[in-house]
Each structure stands twice: as C-alpha cells, then as structure tokens.
Amino acid sequence: MTPAADHVERFRALAARRFGLQFDDTKLGWLGDVLQRRAGSRRLTVDAYLATVESAPAADEAGALATELTVGETYFFRNMEQFNALREQVLPDRLRAQASRSSLRILSAGCASGEEPYSIAMSLCDLLPDRSWQLSIRAVDLNPAAIEKALRGRYTGWSLRETPQAMQQRWFRPDGRDQLLDETLRRAVSFEVRNLHDDDCELWQPGAYAVVFCRNVLMYFTPQSAAAVVARIARSLAPGGALFLGHAETLRGLSQDFHLCHTHGCFYYRSRSADETRIAPSAPAMSAPALVAALDGGDAWVQAIERASQRVRALTTPPSLAQRPGSPRAFAGWHLGHALELLGRERFAEALELVHGLPPESAQDPDVLLLHAVLLVHGGRLVQAEDTCRRLLAIDELNAGAHYVLALCCEAAGNTRGAVDHDQVAVYLDPAFAMPRLQLGLLARRAGDRDTSRREFEQARTLLLREDASRLLLFGGGFGREALLALCEAELQAEGLS
C-alpha cells in the first residue's frame with residue numbers, strides 16, 4: 001500500500017533532520033517507495049516505522065537509510081582539472097605552509113566508494129619532498145555500503161574511464177572482470193562512516209586539514225545544513241588551506257570565510273586567515289581560450305544590442321517600470337526605488353545623483369555599491385566603476401554581479417582577456433545569470449570561435465526566459481527581455497548557428 005502524503009512528508013522531514021538531506025517535491029514518489037521498502041524490511045507499518053526511526057533508529061537501520069537516500073555515482077579522477085590544480089598549485093603552497101610540521105592531512109568528505117581519495121593518493125604519492133613527510137588522507141561518508149566497497153578496493157573498468165593509462169598500469173591489476181587497487185595505495189587512505197550533518201568535534205578539529213575535498217555533496221543538503229557543513233570545514237582547515245567543491249557548486253550565499261581561486265581551468269577556495277583583512281582579490285589569472293586570441297576591437301556589447309534592436313525595432317522599447325514584475329524595489333534598508341526607476345528610463349545621471357546623496361554608511365552596502373557601479377558604467381566612468389566593484393568584492397567576494405560589471409569595464413578598456421575572465425567567474429558563481437553568457441557569446445563571435453559563440457548564445461537565450469525582472473533592469477543596459485532574446489536569435493541566425 002502506497003504511504004499517505006503526510007507519512008511521506010514526515011519521512012522527508014526526518015531525512016533533513018537526521019542527515020541534512022533535502023528532497024524537492026519531484027522526489028516525493030521516490031521517497032514514498034523508499035519508506036515503504038524500509039518499513040516492509042522491518043515488518044512494520046509505515047506509521048510504526050516512522051515512529052521508530054524518528055526516536056532512536058538502530059545503527060543498522062540508520063546505515064540502511066543512508067544507503068537508500070544518498071547518491072554514490074563517481075569515478076576516478078572525476079574533473080581531472082582539480083587534481084592538476086591540487087598537484088601543481090595547491091600542493092606546493094601547502095608544503096611551504098606546513099614545512100615545520102612535515103605533515104599533510106587531507107579530508108575527502110563525502111567520499112562515496114573511494115574513487116576520490118584514492119585519486120588524491122595517486123596524484124600526490126610521489127610529490128612529497130622526502131621520506132620525513134607524512135601524507136594522511138582521511139575519507140568519510142554517510143553510506144556504510146559505499147565505505148565497505150572502498151575498503152575492498154575493487155572497481156570496474158567504467159570507474160577507471162578517466163584514469164590515465166600510466167596510472168592504471170601502476171596502481172591496478174586485473175582480477176577477473178574487475179580491477180584491484182594496489183595494497184600500498186589502499187593503506188594510504190583511512191575510511192570511516194561519518195555523518196557530515198553532525199557537529200563531530202573529532203572530525204572537525206580546528207586547523208586539522210591542509211586540503212578538503214567536499215565535491216557534489218552540498219547540493220544534496222538543506223541550505224541550513226550546507227551552511228553548517230561549510231562553517232565546520234572553514235574551522236577545520238589550516239589558514240590558507242584549500243577547499244574543492246563539485247564543478248557546479250559554489251559558496252555563494254553560504255560563506256565569506258574563503259577566497260575564490262582559479263587555476264588549471266577549475267575553481268577552488270582558499271580559507272582566510274583569522275586576522276586576514278577582507279580586501280578585494282586581484283583579477284583572477286584564468287586561462288583564456290581561443291575566443292580571446294583573435295579579438296582586435298569591435299563594438300562593445302551595448303553597441304551590439306543597439307544594432308540588433310534596429311533590426312527588431314518593435315521589441316526594443318524598454319517596458320515601463322510598472323510593467324516590470326518585482327521592480328522597482330527597495331533593498332537592504334535603502335530606498336532605491338526612484339533611482340531604479342530612473343535607471344529603467346535611462347536617466348543615468350539623475351539616478352547617480354540620488355545614489356551619491358545616500359547616507360555615508362550606504363557605501364558599505366553591497367546592493368548600493370552594485371547599483372552605483374552599474375550607473376558609473378552607463379556614465380562612462382569606468383575607472384570609478386571598477387574601483388566601486390573592488391570595494392564591493394572586499395565586502396562580498398562571491399558577488400556575481402560585481403564580476404559581470406568588471407567584465408564590462410575590462411571590455412570597454414580593451415582588456416578582452418579580463419572581460420572573459422570576469423564573465424567566467426560570474427557564470428561559475430551564478431549559473432542562472434544570463435548577461436555574462438550573452439557577453440561571452442559576443443566576444444566569441446568577434447573572435448571567430450563559432451562553437452563557443454553558439455554555446456553561449458544558446459545558454460543566454462535559455463536563461464533569459466527565466467531571468468529575474470529586477471536583474472534585467474539592473475544589467476540589461478536599458479533593454480528588455482524580448483530585445484535581449486532577439487539579439488541572441490539574430491546572432492545565431494547571422495552565423496547560421498540556429
């Protein structure tokens with residue numbers, strides 16, 4: 001018999017309370033199946049089973065629940081760029097910082113069936129300065145079945161699909177249809193069943209780890225649990241220690257205890273020192289693909305939008321502010337509605353005067369600073385706009401809007417590499433942000449990089465359909481959703497890409 005809706009809701013609440021896991025409404029049917037299966041395995045009614053696990057579930061049942069509710073899909077050297085960054089950027093930095101201890105402790109939090117910590121061990125085992133150094137890799141996961149598999153060290157060829165051939169030959173030997181991991185490497189990693197949702201004092205000792213991998217874990221947590229886990233990681237990292245998240249995960253909205261870093265084509269985070277002053281980061285040193293190599297001038301994005309708007313004149317008149325859902329608005333306690341209204345009407349100088357007239361303490365408010373920077377860009381005061389963005393990033397280093405405005409400043413100043421860099425940061429920090437995708441598409445088109453141009457315009461077109469109206473007002477350059485969509489379509493058609 002299918003569990004009642006209220007029973008499934010109790011089960012969902014239990015998963016959040018005990019494990020920190022979050023399941024949206026699309027998962028309710030699946031949760032009902034798990035609940036029914038677990039109750040049946042205990043020969044209990046659904047109601048009796050819920051009452052049991054809500055009070056004090058036996059260890060074996062808690063483990064069975066964890067096995068059912070967690071996702072264990074992974075493979076060796078997943079996101080190889082991160083392991084390259086670990087070897088070539090993070091490790092030398094941590095060796096210098098830990099030289100007095102000759103010890104390097106690494107945590108794989110949410111290690112699943114062991115592929116991640118074993119990949120770390122393979123990456124680093126030959127790179128320690130001498131035999132006096134001790135490398136310790138600790139791997140923890142909620143799922144006891146996954147930990148048992150990790151301890152066996154037996155994997156299919158599918159798990160090795162991204163493993164370099166030299167690594168396979170050195171560390172694995174065929175055993176029937178599987179590949180068996182070398183015993184030396186297995187001894188280099190210690191595995192434990194741990195619940196990251198618990199404030200485990202032993203696991204999260206202050207300054208214990210030089211590096212933490214917590215990849216593709218936070219996305220399954222409730223916001224409260226994710227923030228708590230990140231706070232524990234920050235506490236347990238040595239000053240300057242590195243945190244690697246999944247490629248689609250960010251700390252935006254979760255923590256200000258880290259600097260965002262980029263190298264080897266991937267992002268990671270570096271923990272702040274306890275007494276470190278919050279200053280704006282320097283422009284990220286990112287690799288620039290072919291799309292910036294051939295850039296040699298041309299119109300900036302606003303001019304491109306203006307040309308597109310001439311082709312779709314009927315669509316280019318910005319709708320009145322009354323037609324913009326959610327705008328104008330007052331935020332952070334400052335009444336900016338009139339300034340936003342003037343922005344929507346392209347009366348930028350008047351809007352800037354209103355912002356300049358705000359009380360001095362508003363200069364520390366991220367939203368005010370962002371609006372100020374946008375208005376400065378519209379006024380052509382790019383140096384001041386860049387300075388305002390730097391001050392904003394000193395307060396909120398993970399502000400995607402600030403990086404996008406910096407991209408506009410860089411492009412206007414002829415620094416196309418910088419424009420691409422900051423757009424890429426904005427996209428990473430907020431994958432739903434349409435405007436940096438649009439600018440990247442224009443930059444790629446001008447560079448003759450058709451593949452990148454098509455990809456970015458298609459992404460921008462998809463994101464613009466659901467972009468927040470107030471954000472379009474702030475970043476749309478005076479153009480509405482339909483005009484920006486028309487630009488994407490026109491660019492795709494002009495290059496024969498649509």
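In what follows, residues are counted from 1 in the order of the sequence shown. Values in this document were obtained by computation on a predicted structure and should not be read as measured data.
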Worked check of side-chain contact (heavy atoms from CB on, under 4.5 Å) between T156 and R177: CA-CA 7 Å; T156 65; R177 300 177 62 181; over 6 Å; no

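- Taking each heavy atom of V193 and P144 in turn, the nearest pair found is CG2-CA, 3.9 Å.
- Atoms CZ and CZ, from R161 and F77 in turn, are 14.0 Å apart once rounded to the nearest 0.5 Å.
- Checked against the 6.0 Å centroid criterion, the rings of Y118 and F191 qualify as a close aromatic pair.
- Side chains of N143 and T67: a donor-acceptor N/O pair is present below 3.5 angstrom, by distance only.
- The main-chain N or O of A66 is found under 3.5 Å from a side-chain atom of T70 such that the two form a donor-acceptor pair.
- Distance alone, capped at 3.5 Å, is enough to place a donor-acceptor pair between the S271 side chain and the G240 backbone.
- Pairing each heavy atom of P3 with each of H7, the nearest pair is CB-CB, 4.4 Å.
- Nearest heavy-atom pair across Y269 and L251 is OH-N, 3.1 Å.
- Remark: the backbone N or O of G246 is paired with a side-chain donor or acceptor of E249 at under 3.5 angstrom.
- Note that R138 lies outside the cation-pi zone of Y209, set by a 6.0 Å cut-off to the ring centre and a 45° limit from the axis.
- The pair D60-R42 counts as a salt bridge, with a side-chain nitrogen and a carboxylate oxygen less than 4.0 angstrom apart.
- Contact check on D198 versus R18 returns no salt bridge, with no Lys/Arg side-chain nitrogen under 4.0 Å from an Asp/Glu carboxylate oxygen.
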Hey, mind stepping through L128 and L124 against side-chain contact (heavy atoms from CB on, under 4.5 Å) and telling me if it holds? CA-CA 7 Å; L128 297 181; L124 302 184; 5.8 Å; no

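- No side-chain heavy atom of C410 sits less than 4.5 Å from a side-chain heavy atom of T416.
- Between F267 and H262, the ring-plane angle classifies as perpendicular under the 30° and 60° cut-offs.
- A distance-only check finds no donor-acceptor pair linking the side chain of T452 to the backbone of D449 [under 3.5 Å].
- At least one side-chain heavy atom of F11 sits under 4.5 Å from a side-chain heavy atom of V34.
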Test side-chain contact (heavy atoms from CB on, under 4.5 Å) on E162 and Y75 and set out the steps. CA-CA 8 Å; E162 296 293 329; Y75 50 89; 3.5 Å; yes

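- In summary, the side chains of S108 and E116 do present a donor paired with an acceptor at a separation below 3.5 Å, with no hydrogens or angles considered.
- Considering every non-hydrogen atom in both A400 and D430, the closest pair reads CB-CB, 3.8 Å.
- When atom types are taken as modelled, the side chain of S55 and the backbone of T52 share a donor-acceptor pair closer than 3.5 angstrom.
- Listed for the S119 side chain is a donor-acceptor partner under 3.5 Å among the backbone atoms of E115.
- Listed here is the closest heavy atom pair of A121 and L185: CB-CD1, 3.7 Å.
- The side chain to side chain contact (heavy atoms under 4.5 Å, CB included) with L196 is formed by just one residue from the set L218, D141, L203; it is L203.
- Note that the CD atom of Q98 and the CG atom of D93 stand 9.5 Å from one another [nearest 0.5 Å].
- Of the inter-residue distances, the one linking D200 atom CG with R232 atom CZ reads 9.0 Å to the nearest 0.5 angstrom.
- By the 4.0 Å N-to-carboxylate-O rule, R154 lies close enough to D175 to be salt-bridged with it.
- The line from CZ of R471 to CG of L463 is 9.0 Å long, rounded to the nearest 0.5 Å.
- A salt bridge is defined here as a Lys NZ or Arg NE, NH1 or NH2 lying under 4.0 Å from an Asp or Glu carboxylate O, and R446 with E411 meets this definition.
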Salt bridge (charged side-chain N to carboxylate O under 4.0 Å, His left out) between E73 and R78, worked out: CA-CA 11 Å; E73 169 59 25; R78 184 178 187 178; over 6 Å; no

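- Looking only at distances, no side-chain donor or acceptor of R445 sits under 3.5 Å from a matching main-chain atom of L492.
- Here OG of S102 is found 14.5 Å from CZ of R131. Values are rounded to the nearest 0.5 Å.
- Neither side chain, S453 nor R450, offers a donor N or O lying under 3.5 Å from an acceptor on the other.
- Heavy atoms of other residues, nucleotides or ligands lying less than 6.0 angstrom from CZ of R17 number more than 12.
- In this model, no donor atom of one side chain and acceptor atom of the other lie less than 3.5 Å apart for Q89 and H264.
- For the atom pair CG of L485 and CZ of F457, the computed distance is 12.5 Å after rounding to the nearest 0.5 Å.
- The aromatic rings of F244 and F213 sit parallel, their planes meeting at an angle under 30°, below the 60° perpendicular limit.
- You'll find the side chain of H403 reaches within 4.5 Å of the side chain of L393, heavy atoms only.
- Side chains of R215 and Q82: a donor on one and an acceptor on the other come within 3.5 Å.
- With ring centers used as reference points, F433 lies under 6.0 Å from F475.
- Using a 4.0 Å cut-off between a side-chain N of Lys or Arg and a carboxylate O of Asp or Glu, R12 and D25 qualify as a salt bridge.
- Checked for salt-bridge contact, R173 and D182 miss the test: no charged N lies under 4.0 Å from a carboxylate O.
- Tested against V212 for a side chain to side chain contact (heavy atoms under 4.5 Å, CB included), the candidates L245, L107, I106 yield a single pass: L107.
- The pair E467-R481 does not count as a salt bridge, with every side-chain nitrogen at least 4.0 angstrom from each carboxylate oxygen.
- Side-chain atoms of L438 and Q459, non-hydrogen and from C-beta on, never get closer than 4.5 Å to each other.
- One finds no salt bridge joining E491 and R454 here, because no Lys/Arg side-chain nitrogen approaches an Asp/Glu carboxylate oxygen to under 4.0 Å.
- When only modelled atom types and interatomic distance are considered, S132 and D130 share a side-chain donor-acceptor pair under 3.5 Å.
- M435 places a side-chain heavy atom less than 4.5 Å from the side chain of L484.
- Shortest non-hydrogen contact noted between C266 and E81 is SG-O, 3.7 Å.
- Side-chain polar atoms of E61 and Y49 form a donor-acceptor pair below 3.5 angstrom.
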Evaluate side-chain contact (heavy atoms from CB on, under 4.5 Å) for V420 paired with L440, printing each intermediate quantity in order. CA-CA 7 Å; V420 171; L440 285 169; 4.0 Å; yes

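- Ion pair R235/D257 not flagged as a salt bridge, since none of the NZ, NE, NH1 or NH2 atoms sits closer than 4.0 Å to an Asp/Glu carboxylate oxygen.
- The closest side-chain heavy-atom distance from D396 to L398 is below 4.5 Å.
- Between F76 and F83, the ring centre distance reaches or exceeds 6.0 Å.
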Before giving the answer on salt bridge (charged side-chain N to carboxylate O under 4.0 Å, His left out), spell out for D126 and R87 the whole-Å C-alpha distance, their side-chain angles and the decisive distance to 0.1 Å. CA-CA 10 Å; D126 292 333; R87 284 194 304 270; over 6 Å; no

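- With contacts defined as side-chain heavy-atom distances shorter than 4.5 Å, the pair S136/L104 does not qualify.
- Between R194 and E202 there is a salt bridge, with a side-chain nitrogen of the basic residue lying less than 4.0 Å from a carboxylate oxygen of the acidic one.
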